[in-house]
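Below is one structure, written out as structure tokens; the observations come after it.
It should be emphasised that the depicted structure is a prediction, and the values quoted were computed from it without experimental measurement.
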Amino acid sequence: KESGEYQEPRPKKIIDDKSIKLTSENDIRETALKQYKTCDSLPNAHPANVYLSDRKLQAFSDRFYYTDKYGDFARILKLNNSEKLKNDERIVLICRDARGKIIGAIARSLDKNNKLRYISNVVTKEHHNFYGMDRIDITKPVYVCEGAIDSLMLENAVAVCCADLDMIAKVIPDAKDRCVLISDNERRKP
């Protein structure tokens with residue numbers, strides 16, 4: 001100390017999460033999402049990856065998030081009506097708008113016996129879940145599917161996450177000229 005080489009150790013500044021100022025609700029959602037793993041970072045034998053492999057979706061495992069408590073996941077991301085959701089094991093696709101902001105989530109149950117296979121949540125009642133809006137090029141033909149998983153299989157595709165394919169007209173200008181609507185092949189509606 002007397003030779004002048006010693007310096008008193010300074011206490012490390014503790015970062016308090018409450019002191020971090022996030023600029024928007026989307027920043028809060030993006031920060032919250034970072035605590036969850038995508039399926040590509042899980043072991044191959046993990047139930048989420050087994051499901052993706054069985055459905056031939058392993059090439060898209062980096063787009064699916066895994067949670068064993070979807071209710072908490074939805075509440076942390078501040079999704080609408082999340083207070084009603086139970087905690088169960090699901091894989092989740094994050095829905096984003098054309099600018100990349102989180103607008104919702106689509107969760108698929110990993111429990112074969114769960115009667116509620118899919119859950120779709122949005123950030124506010126004013127939003128509608130469109131999956132893939134952040135990945136499409138509207139200067140090319142856009143393929144519009146009902147389901148998000150179906151849209152993964154097609155180039156330049158988006159999903160409306162419901163049976164009303166005309167919903168796409170709300171977010172794509174001149175959708176009538178730019179979009180190809182692909183409805184599900186249902187037994188009651190071939």
Side-chain angles (χ1 to χ4, degrees), residues 22-34 36 38-40 51-52 55-67 70 73-82 84-85 90-109 116-190:
L22 299 172
T23 58
S24 70
E25 285 287 318
N26 192 65
D27 290 339
I28 294 168
R29 288 184 184 93
E30 292 290 353
T31 301
L33 190 58
K34 289 179 183 173
Y36 291 95
T38 55
C39 291
D40 65 335
Y51 174 82
L52 293 175
R55 295 279 311 263
K56 309 288 188 253
L57 296 169
Q58 45 291 40
F60 306 104
S61 62
D62 61 328
R63 298 187 197 178
F64 286 90
Y65 286 84
Y66 168 76
T67 179
Y70 181 69
F73 179 96
R75 285 184 279 281
I76 289 169
L77 262 62
K78 299 180 183 255
L79 299 178
N80 197 30
N81 293 327
S82 58
K84 299 174 185 177
L85 297 173
R90 292 181 178 269
I91 53 174
V92 184
L93 287 168
I94 299 298
C95 298
R96 298 175 183 276
D97 66 12
R99 286 178 252 119
K101 289 186 176 182
I102 296 173
I103 59 170
I106 301 156
R108 171 60 161 95
S109 175
L116 190 59
R117 290 188 312 164
Y118 287 95
I119 298 175
S120 181
N121 292 95
V122 290
V123 296
T124 65
K125 290 179 185 178
E126 291 77 39
H127 285 92
H128 177 82
N129 266 354
F130 294 100
Y131 179 76
M133 287 300 298
D134 57 324
R135 299 178 183 269
I136 59 169
D137 179 354
I138 62 168
T139 64
K140 297 177 181 176
V142 176
Y143 298 95
V144 183
C145 302
E146 290 180 25
I149 291 177
D150 296 337
S151 74
L152 293 172
M153 305 300 166
L154 300 168
E155 189 176 327
N156 210 39
V158 66
V160 293
C161 305
C162 67
D164 186 4
L165 295 172
D166 292 331
M167 291 283 292
I168 199 66
K170 292 183 176 185
V171 291
I172 295 182
D174 302 323
K176 187 176 180 181
D177 300 325
R178 296 175 188 258
C179 298
V180 177
L181 307 181
I182 306 169
S183 58
D184 283 358
N185 187 17
E186 302 283 345
R187 287 183 302 229
R188 62 189 175 276
K189 176 191 76 163

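Taking each heavy atom of Asp134 and Gly100 in turn, the nearest pair found is CB-CA, 4.3 Å. When every heavy atom of Ala32 is checked against every heavy atom of Ile76, the shortest pair comes out as CB-CG2, 3.3 Å. Nearest heavy-atom pair across Arg90 and Leu116 is NH2-O, 2.7 Å. For the residue pair Asn156 and Arg135, the shortest heavy atom distance occurs at OD1-O, 4.3 Å. Residue Gly104 comes nearest to Leu79 through the heavy atom pair CA-CD2, 4.2 Å, listed as atom of the first residue, atom of the second, then distance. Of all the heavy atoms in Asp97 and Met133, the pair that sits closest is C-CB, 4.0 Å.
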inquiry  = The test is side-chain contact (heavy atoms from CB on, under 4.5 Å); show your working for Val92 and Tyr66 and say whether it passes.
reply    = CA-CA 6 Å; Val92 184; Tyr66 168 76; over 6 Å; no
request  = Evaluate the side-chain contact (heavy atoms from CB on, under 4.5 Å) criterion for residues Asp174 and Ile138: first the C-alpha distance (whole Å), next the side-chain angles of each, then the deciding distance (0.1 Å), finally the verdict.
outcome  = CA-CA 10 Å; Asp174 302 323; Ile138 62 168; over 6 Å; no
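Panel note: side chain Arg29, backbone Leu77; a donor-acceptor pair is recorded below 3.5 Å. With hydrogens and angles disregarded, no donor-acceptor distance shorter than 3.5 Å links the side chain of Ser82 to the backbone of Lys78. Side chain of Arg178 to backbone of Pro173: a donor-acceptor contact under 3.5 angstrom is found.
Taking CD1 from Ile106 and CD1 from Ile91, the interatomic distance works out to 11.0 Å, rounded to the nearest 0.5 Å. Here Arg75 contributes atom CZ and Tyr70 contributes atom OH; the two are 10.0 Å apart, rounded to the nearest 0.5 Å. In this structure, Asp184 CG and Glu146 CD are separated by 3.5 Å, a value rounded to the nearest 0.5 Å. To the nearest 0.5 Å, atom CZ of residue Arg108 and atom CD1 of residue Ile149 are 7.0 Å apart. Taking CG of Asn121 as the reference point, atom CD1 of Ile103 lies at 12.5 Å (rounded to 0.5 Å). Taken from CG in Leu52 to CG in Asp40, the straight-line distance is 10.0 Å, to the nearest 0.5 Å.
Residues Tyr143 and Val158 fail the side-chain proximity criterion, which asks for heavy atoms closer than 4.5 Å. The closest side-chain heavy-atom distance from Cys162 to His128 is below 4.5 Å. For the pair Val144/Ile172, no side-chain contact is recorded, criterion being any heavy-atom separation below 4.5 Å from C-beta on. Contact check for Phe130 versus Ile136: no side-chain heavy atoms found under the 4.5 Å cut-off. The closest side-chain heavy-atom distance from Leu154 to Ile182 is below 4.5 Å.
Under the 30°/60° scheme for interplanar angles, the aromatic rings of Phe73 and Tyr36 are found to stand perpendicular.
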